[in-house]
Protein chains: 2
Amino acid sequence: MKLTPLDGFVGYALRRAQSVIFADFNHTLAGLNLRPGQFAVLLLIDQNPGASQSNVSAALGIQKANFVATIADLENRQLVRRRKSDSDARTYLLSLTAGGRELLRRAVELQSLHESRITALLGEDERLRLLDLLERLARLPCNPSK
Amino acid sequence: MKLTPLDGFVGYALRRAQSVIFADFNHTLAGLNLRPGQFAVLLLIDQNPGASQSNVSAALGIQKANFVATIADLENRQLVRRRKSDSDARTYLLSLTAGGRELLRRAVELQSLHESRITALLGEDERLRLLDLLERLARLPCNPSK
DNA sequence: TATTGTTATACTCTATAACTATA
DNA sequence: TATAGTTATAGAGTATAACAATA
């Protein structure tokens, strides 16, 4: 099957790469029952203790409505704790439990294996270059003039 | 909000970039009512006239079961034609209708505007380098040895 | 036996509107 | 009024199992 000109499009290449990389991530973290999004949530809470649900969901580009089930699951699994804020009764302050920190520690270890596999494939210089290119892509204006 | 070390992971950078690029693609093709997947299907049928549903869905990494609704929609919109094969009564041979070719022509035009926006952001050399890096990523072994 | 296309089903991710309780 | 969190809902995308017709 002829794939041209499809294989010359950045959007298509992104989709293929993302599919493979996410599969490898999920395979690597399979034992922890953590999908990419959940891993990102734990990481952000760990790095920003006391952040609210809105803070975290906005930082990850997740709608707050869709974040409710995610955070409820993590709380049910006793990985995340929610405390009522003293200064604002509307918000919950998020933090990791001891179990959450421990699971995150193991997840980070496995993630670094996953990332190493990418480095083995590209080389570290090229991996960093890829990160730079992807970050620049993400700065594409949202409502382009025409 | 602190995003490190999340922003140093290729998987996360891929997700952010893909989200922005797909949004721009959809915005650019909005008038044609064609999502990225449908565009890819039309392009592949155009480049491989007489291909079967299995051929096209396999080439795009789509399960044949999920391809049924996609192709039915394109057929209902009279963009794609399905003919029974003479040599194998199980398969349908896919081809574009005149309307399908015309819609694809306009879609390709708009897609090239979208791609130009990426080139404007990265420069053509960097865009080609990105394509190369993404293609190499997609060659990551599926079941890595640990 | 294996393959093509199909149906049915389920799960994830995402998007939106509307509600509540607070601010 | 505006915001934080919630509920409900709907649309995509994706995965699997099972089937009829055909090879």
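Treat the numbers as computed from the prediction; the structure is a model and nothing was measured. A, B, ... follow the sequence lines: proteins, then strands. Residue 1 opens every chain.
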Does dG5(C) have OP1 or OP2 sitting under 4.0 Å from an N or O in the side chain of S54(B)?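 It does, given that an N or O in the side chain of S54(B) lies less than 4.0 Å from OP1 or OP2 of dG5(C).
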So, OP1 or OP2 of dT6(C): does either fall under 4.0 Å of a side-chain N or O from R82(B)? yes
Spacing between [X] atom [atom1] and [N] atom [atom2], to the nearest angstrom:
X      : N       : atom1 : atom2 : value
F22(B) : dT14(C) : CZ    : P     : 13 Å
Q18(B) : dC13(C) : CD    : P     : 14 Å
Q53(A) : dT3(D)  : CD    : P     : 17 Å
Y92(A) : dT3(D)  : OH    : C1'   : 15 Å
L14(A) : dG13(D) : CG    : C1'   : 17 Å
I71(B) : dT4(C)  : CD1   : P     : 15 Å
Q38(A) : dT12(C) : CD    : P     : 9 Å
N26(B) : dT14(C) : CG    : P     : 14 Å

I want to know whether F9(B) and F25(A) have ring centres closer than 6.0 Å.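 So the answer is no for these two rings.
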Flag yes if L60(B) and V68(B) sit in one hydrophobic cluster, no otherwise; membership is Ile, Leu, Val, Met, Phe, Trp, Tyr, and two members link when side-chain heavy atoms are under 4.5 Å apart.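 As far as the 4.5 Å side-chain criterion goes, V68(B) and L60(B) are not connected within one cluster.
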According to a hydrophobic-cluster definition based on side-chain heavy atoms being under 4.5 Å apart (Ile, Leu, Val, Met, Phe, Trp, Tyr only), do L3(B) and V41(A) belong together? yes
Tabulate protein N/O versus nucleotide N/O from nucleotides 15-22 of chain C, keeping only pairs under 3.5 Å, one per line.
{"from": "dA15(C)", "atom 1": "N7", "to": "N66(A)", "atom 2": "OD1", "distance (Å)": "3.3"}
{"from": "dA15(C)", "atom 1": "N7", "to": "N66(A)", "atom 2": "ND2", "distance (Å)": "2.7"}
{"from": "dA15(C)", "atom 1": "N6", "to": "N66(A)", "atom 2": "OD1", "distance (Å)": "2.7"}

For the pair R136(A) and D132(A), evaluate salt bridge (charged side-chain N to carboxylate O under 4.0 Å, His left out) and give the outcome as yes or no after the intermediate values. CA-CA 6 Å; R136(A) 282 159 67 193; D132(A) 175 65; 3.3 Å; yes
Side-chain heavy-atom pair [X], [Y] within 4.5 angstrom cut-off:
X       : Y       : result
L32(B)  : Q38(B)  : no
V108(A) : L104(A) : yes
T97(A)  : V80(A)  : no

Among dG13(D), dT6(D), dT6(C), the one nearest any side-chain atom of V68(A) is dT6(D)
Position toward the 5' end of DNA chain C (nearest nucleotide), D86(A) or T70(A):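 The 5'-side residue here is T70(A).
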On DNA chain C, does the nearest nucleotide to S52(B) precede the nearest nucleotide to I62(A) from the 5' side, or the other way round? Give the residue.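 Looking at DNA chain C, the more 5' nearest nucleotide goes with S52(B).
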Earlier contact from the 5' end, DNA chain D, for R15(A) and F67(A):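 Looking at DNA chain D, the more 5' nearest nucleotide goes with F67(A).
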